[in-house]
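Below is one structure; the comments refer to it alone.
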Amino acid sequence: MSSRRFRPLLDRVLIKRVPRPQRTVGGITLPDKAQSKSWQGQVLAVGPGYYDHNGKFRKPTIQEGDLVYLSEYGGNNIEIDDESLAVYREEDVLGIIKEQLDKEQN
């Protein structure tokens, strides 16, 4: 598994983008050209945290397994074991997807 071979540093997060559905809610199949890049992903690994400008250590708020929304222009693409992944700074992750939060609360 690629998350075992790669450990992010500081506030970085290893993310596998979740593919968008190929059909619309109405059942229309979208051609490859019409599909946009996925801005959602699953967190595979999280760095230990970072020291802020006051010298206080900040732990990450994101955890492994979280489903998140991603910033369009953030992150670096990497390939591990023929798998395309992305490394984002935690600040470039926009938020945790609510469906997952609802499941955790129940």
Side-chain angles (χ1 to χ4, degrees):
M1 175 171 266
S2 55
S3 62
R4 292 182 186 195
R5 292 191 54 212
F6 183 86
R7 185 181 60 143
L9 299 176
L10 302 173
D11 65 335
R12 289 174 175 80
V13 182
L14 180 65
I15 294 178
K16 179 178 182 179
R17 288 197 177 98
V18 176
R20 287 184 171 238
Q22 304 232 340
R23 290 179 181 253
T24 64
V25 177
I28 298 171
T29 302
L30 298 171
D32 290 338
K33 234 179 184 182
Q35 295 178 15
S36 60
K37 192 174 179 184
S38 176
W39 304 120
Q40 294 180 13
Q42 182 174 14
V43 177
L44 299 179
V46 180
Y50 69 101
Y51 288 94
D52 66 12
H53 63 279
N54 294 324
K56 186 174 181 182
F57 186 75
R58 302 288 182 175
K59 290 185 177 182
T61 56
I62 297 172
Q63 300 175 1
E64 288 182 25
D66 283 348
L67 193 60
V68 295
Y69 282 115
L70 305 169
S71 173
E72 182 176 357
Y73 297 107
N76 294 302
N77 295 324
I78 63 171
E79 193 169 309
I80 301 173
D81 296 334
D82 296 326
E83 186 174 23
S84 294
L85 304 171
V87 178
Y88 280 80
R89 286 187 170 273
E90 187 179 31
E91 66 186 28
D92 291 334
V93 175
L94 302 176
I96 299 170
I97 295 177
K98 185 171 177 13
E99 295 167 3
Q100 180 179 346
L101 292 175
D102 290 341
K103 289 178 186 176
E104 290 175 0
Q105 291 174 355
N106 291 331

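The first residue of the sequence shown is numbered 1, and numbering continues consecutively from there.
Considering all non-hydrogen atoms of both residues, L94 and L70 come closest at CD1-O, 3.6 Å. Here the closest heavy-atom approach between residue D92 and residue G75 is recorded as OD2-N, 4.2 Å. Here the closest non-hydrogen pair linking A86 and Y88 is CB-CE1, 3.6 Å. The minimum heavy-atom distance between I15 and G41, with the atom names listed, is CG2-CA, 3.7 Å. Considering all non-hydrogen atoms of both residues, P48 and P8 come closest at CD-O, 3.8 Å. Here the shortest heavy-atom pairing between A45 and E64 reads CA-CG, 3.8 Å.
Under a 3.5 Å cut-off, the side chain of D52 and the backbone N or O of N54 do form a donor-acceptor pair.
Pairs engaging residues 40-51 under the salt bridge (charged side-chain N to carboxylate O under 4.0 Å, His left out) rule: none recorded [sequence neighbours left out].
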Verdict with reasoning, F6 to V87, per side-chain contact (heavy atoms from CB on, under 4.5 Å): CA-CA 10 Å; F6 183 86; V87 178; 3.8 Å; yes
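Of the candidates V43, I62, L10, E90 forms a side-chain contact (heavy atoms from CB on, under 4.5 Å) with just one, namely I62. Exactly one residue among N77, N76, I80 makes a side-chain contact (heavy atoms from CB on, under 4.5 Å) with L85. That residue is I80.
Taken to the nearest 0.5 Å, the NZ atom of K56 stands 10.5 Å off from the OH atom of Y50. Note: E91 CD to R12 CZ = 9.5 Å, rounded to the nearest 0.5 Å. The CD atom of Q42 lies 10.5 Å from the CG atom of L14; values are rounded to the nearest 0.5 Å.
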